[in-house]
Novice: 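Provided herewith is a single structure, encoded as structure tokens, for subsequent inquiry.
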Number of protein chains: 2
Amino acid sequence: MRRKTMRDVSVATGLSTYTVSRALSGADGVSAESRAHVLKVAREIGYIPNRAAQELRRANRDSIAVITASTSNSYYLDLMEGIHHELRSTGRAVIVGDIAIDGAYSAELEDQLVRRLIESRTAGVIATLTLTPENLKLLDQWDVPVVFVDSDPPEDARHYPSVTTDNYAASLTVGHHIASHGYGNWLLLMYPGKWSTRFERERGIREAAAKHSADLTVVECENNDLAAQKALTLHLEGAARLPDVLIAGNNPLLLGALRYCRAKEIGIPDNMAVVSFDDFAWAPLMDPPLTVLDEDSKSIGSRAAATLTAIIEQQIESEKRNQSTKPDYKPEYRQQMPARLVVRRSCGCASAT
Amino acid sequence: MRRKTMRDVSVATGLSTYTVSRALSGADGVSAESRAHVLKVAREIGYIPNRAAQELRRANRDSIAVITASTSNSYYLDLMEGIHHELRSTGRAVIVGDIAIDGAYSAELEDQLVRRLIESRTAGVIATLTLTPENLKLLDQWDVPVVFVDSDPPEDARHYPSVTTDNYAASLTVGHHIASHGYGNWLLLMYPGKWSTRFERERGIREAAAKHSADLTVVECENNDLAAQKALTLHLEGAARLPDVLIAGNNPLLLGALRYCRAKEIGIPDNMAVVSFDDFAWAPLMDPPLTVLDEDSKSIGSRAAATLTAIIEQQIESEKRNQSTKPDYKPEYRQQMPARLVVRRSCGCASAT
DNA sequence: TTGATAATGCTAAACGTTTAGGGTGTCAAG
DNA sequence: CTTGACACCCTAAACGTTTAGCATTATCAA
């Protein structure tokens with residue numbers, strides 16, 4: 001069966017493609033009778049429009065993309081839920097682009113993806129990591145608005161919208177709590193600076209350590225569980241003694257850390273306490289239940305989506321008025337959300353939540 | 001800055017769009033000199049092709065879609081990893097379509113998605129659940145090949161390719177292991193039949209129960225943790241005593257079940273043993289470590305992707321030869337993979353893996 | 001010198017929509 | 001009988017690529 005085109009519907013109804021198009025799209029200038037006829041016939045002969053042709057003709061950008069490199073991070077699912085929830089009503093499609101290969105960020109994939117997004121004239125981008133300045137510039141050249149979530153734009157582009165946790169304050173909270181247990185020897189396990197949350201988190205911890213005059217060591221590794229386990233093995237191999245507390249920078253690193261402890265039979269929190277960023281569903285069911293800093297990823301996602309659609313809508317408006325189609329980034333689009341420490345038992349506390 | 005088109009490159013180089021097109025796409029019929037010139041100029045003026053126009057003209061279908069409704073299920077990530085891994089080299093893009101709203105399957109979203117996939121002339125579909133017969137027929141009408149993973153096609157369309165675990169054999173294994181602990185009272189917590197693995201899994205458990213003359217109760221609920229917890233509460237509320245063992249049909253249901261146990265202070269495995277389908281990263285770190293049936297989701301994903309691309313390639317071939325463009329579903333495309341029981345402690349065994 | 005062959009590049013026609021600009025018919029008011 | 005307003009619909013020209021069908025030039029053997 002040959003693919004049906006609008007022309008087929010046109011012939012079958014005896015109406016022009018103009019009328020068919022308007023009838024199907026719900027635009028007016030078509031009698032109710034004609035419209036009904038068109039819809040009926042279209043259904044009967046199994047016509048489905050060709051999106052490529054539509055997009056070409058109306059130069060329309062109707063889907064938005066999420067760029068991520070850590071789908072295994074627990075916060076990702078909540079984030080996506082927030083984004084979908086917010087976008088469901090707008091009719092925009094969400095496409096997710098994962099630019100990690102085997103859990104490690106790939107610059108090459110980032111370039112490819114950004115190019116592809118421009119090729120398909122994506123309406124806007126939500127980035128979960130700090131894009132390269134080149135790619136950001138490219139997107140800017142093509143007037144594609146970008147909103148950063150849970151990460152910042154690059155150094156020289158601070159005016160971009162972003163929805164982040166107040167990671168500095170959050171880390172301070174974590175640090176103070178740790179200190180309250182009397183731990184003097186801290187180990188912070190951290191992912192690369194590609195995810196800019198890293199810097200604020202480290203700053204908070206560092207400051208708290210200084211304030212409570214604790215020793216702090218920072219170990220960096222790739223953003224996945226295997227790398228974390230390996231880095232920890234390497235670092236603690238020759239060490240005279242374990243740190244009092246291990247702070248895992250995020251969810252995948254926590255997994256690696258816990259695996260390490262299990263392998264070396266390190267008791268938590270007796271031999272070494274553990275706290276981590278990012279709460280997740282299984283955390284309360286672990287052995288022991290994990291003390292964790294919880295950020296509200298779902299809200300972050302929906303806020304980011306809302307911000308992005310606002311920008312896009314405005315872009316469409318000003319295009320209609322023949323004004324600039326550059327996205328208008330208002331200062332108030334830069335938002336910070338609070339986080340909350342969920343105390344369970346891995347930090348050394350005896351109480352449940 | 002106006003958007004650049006191929007015409008701009010053509011003017012800037014003094015070559016026709018024909019030559020520009022061929023140069024950029026790497027086709028021959030262009031001198032090395034011209035090609036270099038075109039590439040240089042294209043880069044300079046910041047030209048990026050318009051994908052809608054390309055797709056319209058070459059009627060090409062170059063991306064494949066994954067239809068899923070349970071992204072929170074742990075096997076999903078592994079599955080996607082396998083799919084990406086296999087597809088990376090082919091240059092095909094993967095788009096994932098989530099047809100769940102707040103964790104529950106939505107028929108409406110399925111219809112929307114399938115329509116949209118046809119609109120954008122998607123090359124092929126990997127379905128992680130049993131599609132409705134209507135949608136399958138629609139995809140078939142448009143010659144879009146479909147491969148089912150970890151689920152079967154609908155009743156009347158058994159000739160479709162599928163890559164599944166041998167769930168019947170796997171469930172028998174689970175059942176026998178449970179029985180070896182002497183449990184006589186089993187509770188099976190199950191998701192809806194929309195995911196067809198349900199039937200084989202239930203059949204295996206049922207048969208094992210019969211063979212070992214154990215009492216089996218099956219409780220069904222929506223495919224998410226909250227629903228599982230609620231269903232369990234409801235079912236066990238008035239019960240005289242707990243079952244000896246709880247079998248969770250999959251990962252989200254397991255989460256709900258464990259939450260329930262935690263809330264009611266039911267000790268595992270002493271008060272009630274727990275086993276589950278689908279292994280996941282945190283399972284060995286839980287309290288207690290979970291006995292689980294592990295299917296090799298990554299391999300399933302890559303096999304499915306390989307099968308789908310094979311079908312698509314062949315479709316392209318026979319289209320060139322002006323033969324039918326109907327996908328050719330060979331019987332050997334129906335594949336079953338073995339699964340493996342990972343014994344930890346929640347089943348009542350004392351030993352670690 | 002000639003004809004054959006290969007290499008390179010051009011023109012113009014698609015691909016399947018949307019939509020500007022116009023045409024027709026009806027009806028009420030002047 | 002005009003005129004204008006309105007509702008409905010049509011024709012034809014876009015949108016930005018790819019590609020069939022030629023045209024030109026260079027190269028080379030006879």
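Values in this document were obtained by computation on a predicted structure and should not be read as measured data.
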Novice: With distance as the sole test, does A:Ser16 use its side chain to make a donor-acceptor pair with the main-chain N or O of A:Tyr18 at under 3.5 Å?
Specialist: yes

Novice: OP1 or OP2 of D:dG16 less than 4.0 angstrom from a side-chain nitrogen or oxygen of B:Gln54, does that happen here?
Specialist: no

Novice: When the distance from CG of B:Leu24 to P of D:dT17 is rounded to whole Å, what number comes out?
Specialist: 9 Å

Novice: If the threshold is 4.0 Å, N to carboxylate O, is there a salt bridge linking B:Arg51 and B:Asp62?
Specialist: yes

Novice: Report which part of the nucleic acid A:Ser25 touches: base, sugar-phosphate, or nothing (heavy-atom distance under 4.0 Å, all strands).
Specialist: nothing

Novice: Would you mind reading off the distance between A:Arg22 atom CZ and D:dC8 atom P, rounded to a whole angstrom?
Specialist: 12 Å

Novice: Would you mind reading off the distance between A:Arg121 atom CZ and D:dG16 atom P, rounded to a whole angstrom?
Specialist: 9 Å

Novice: Does B:Ser21 put a side-chain nitrogen or oxygen below 4.0 Å from OP1 or OP2 of D:dT18?
Specialist: yes

Novice: Does B:Ser151 reach the main-chain N or O of B:Val149 with its side chain, forming a donor-acceptor pair under 3.5 Å?
Specialist: yes

Novice: Does OP1 or OP2 of D:dT17 have a side-chain N or O of B:Tyr47 closer than 4.0 Å?
Specialist: yes

Novice: Does C:dC10 have its OP1 or OP2 closer than 4.0 Å to a side-chain nitrogen or oxygen of B:Thr19?
Specialist: yes

Novice: With a 4.0 Å cutoff (strictly under), does any side-chain N or O of B:Ser31 reach OP1 or OP2 of C:dG9?
Specialist: yes

Novice: Can you tell me which residue among B:Glu119, B:Glu55, B:Arg121 is in a side chain to side chain contact (heavy atoms under 4.5 Å, CB included) with A:Asn50?
Specialist: B:Arg121

Novice: Identify whether the distance between the nearest side-chain nitrogen and carboxylate oxygen of A:Glu313 and A:Arg92 falls below 4.0 Å.
Specialist: yes

Novice: Measure from the side-chain heavy atoms of B:Ser16 and tell me the nearest of D:dC9, C:dG9, C:dC10.
Specialist: C:dC10

Novice: What is the distance, rounded to the nearest whole Å, between atom CD of A:Glu119 and atom P of D:dC15?
Specialist: 20 Å

Novice: Between P on D:dG16 and CG on B:Asp8, what's the gap in Å once rounded to a whole number?
Specialist: 9 Å

Novice: If you compare every side-chain N and O of B:Arg58 against the phosphate oxygens of D:dT18 (OP1, OP2), does one of them come in below 4.0 Å?
Specialist: yes

Novice: Classify the side chain of A:Arg57 and the base of C:dT17 as holding, or not holding, a donor-acceptor pair under 3.5 Å.
Specialist: no

Novice: Taking the nucleotide of DNA chain C with the closest heavy atom to each, which residue, B:Leu56 or B:Arg35, is nearer the 5' end?
Specialist: B:Arg35

Novice: Side-chain N or O of B:Thr17 versus OP1/OP2 of D:dT18: is the shortest distance under 4.0 Å?
Specialist: no

Novice: Round to a whole Å and report the spacing from CZ of A:Arg51 to C1' of D:dC15.
Specialist: 17 Å

Novice: Could you tell me the separation between the CG atom of B:Asn50 and the C1' atom of C:dT17, rounded to a whole number of Å?
Specialist: 13 Å

Novice: Choosing from D:dC15, D:dT17, C:dG9, which nucleotide comes nearest the side chain of B:Pro49?
Specialist: D:dT17

Novice: When you check the side-chain N and O atoms of A:Asn135 and A:Glu110, is any donor under 3.5 Å from an acceptor?
Specialist: yes

Novice: Side chain of B:Tyr18: nearest nucleotide among C:dT11, C:dT19, C:dT17?
Specialist: C:dT11

Novice: What's the CD-C1' distance between B:Glu33 and C:dG9, to the nearest Å?
Specialist: 13 Å

